[in-house]
Amino acid sequence: MTAITHIGYQLGLDPAHRTEGTHLIVGGHSYTLRDGFDGASGKYPIKAVNRKGEEVFVVTASMWGQYLGKIDRTYDANGRIISPRTDELSKDFDKMGQEVIRSSLTHLDAMACQKKERTLGNVMADAMLEYRLQFGSSKLDGALMNSRGICTSIHPGKVTRGDLLIAFPFINCVVDLKLTGQEP
């Protein structure tokens with residue numbers, strides 16, 4: 001069994017020790033980087049032991065889609081992983097992330113956007129509106145951006161696909177709503 005968690009690296013090890021039948025945990029939330037990268041905090045995958053004394057492999061790949069990990073597994077007849085193999089896939093991902101898609105003459109600020117309007121939120125809301133006007137509805141008056149979906153600012157100069165993936169790491173959808181002003 002594989003478990004997917006979003007409770008951080010240290011807490012992510014807890015299910016490994018407290019469960020039976022789990023042999024792989026794919027974790028997130030702690031931004032922990034492992035193996036082979038500058039600033040890595042240890043080997044990848046992490047090996048833990050479940051309640052039956054069987055190995056459990058725990059993987060995590062830092063934050064905001066900066067890295068892509070892969071783990072190939074071979075199972076024994078009892079469903080236990082016997083030979084995990086990890087391959088670093090970040091080279092292709094890095095190449096894609098370095099693709100310049102636009103440029104900015106100004107700092108696209110996202111800091112404290114939960115408290116007041118910021119340039120990066122405005123740029124993204126304008127881009128969503130333009131997208132929907134070109135490829136969807138022609139009767140839109142504006143767009144809103146969830147401020148919690150913006151994770152970092154973008155500096156002046158070349159803007160890469162990677163800059164956007166780090167600033168907007170979540171898979172969000174653009175949704176059209178018709179509001180009358182009478183909603184509770």
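Throughout, numbering of the chain's residues begins at 1 and tracks the sequence. Since we're looking at a predicted model, the values are computed, not measured. What's counted below: heavy atoms across the whole structure, side chains too, no hydrogens, waters or symmetry copies.
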Indicate the atoms forming the closest heavy-atom contact of [X] with [Y], along with that distance.
X	Y	value
V49	V56	C-CG2, 4.3 Å
V100	R102	CG1-O, 3.5 Å
T152	A110	O-CB, 3.6 Å

So, taking the atom named [atom1] in [X] and the one named [atom2] in [Y], what distance separates them when rounded to the nearest 0.5 Å?
X	Y	atom1	atom2	value
K139	D176	NZ	CG	12.5 Å
H107	I154	NE2	CD1	9.5 Å
R161	I166	CZ	CD1	13.5 Å

Please check if I150 and V174 belong to a single hydrophobic cluster, counting links between Ile, Leu, Val, Met, Phe, Trp and Tyr side chain heavy atoms closer than 4.5 Å. yes
Using the rule that two of Ile, Leu, Val, Met, Phe, Trp, Tyr join whenever any of their side-chain heavy atoms come within less than 4.5 Å, decide whether V159 and M145 are in one cluster.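 They do share one cluster, since a chain of ILVMFWY contacts under 4.5 Å joins V159 to M145.
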Expected output: side-chain [X] to main-chain [Y] donor-acceptor under 3.5 Å:
X	Y	answer
E99	G97	no
D126	V123	no
S104	G157	no

Distance alone, cut at 3.5 Å: any donor-acceptor contact between the side chains of N122 and T119?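 No, no side-chain donor-acceptor contact under 3.5 Å.
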Does the side chain of T19 pick up a donor-acceptor pair with the side chain of N50 at under 3.5 Å? no
With the side chain counted from C-beta on, respond yes when [X] and [Y] share a heavy-atom pair under 4.5 Å apart, and no when they do not.
X	Y	result
L120	M124	no
L164	I101	yes
S153	D109	yes
L133	L140	yes

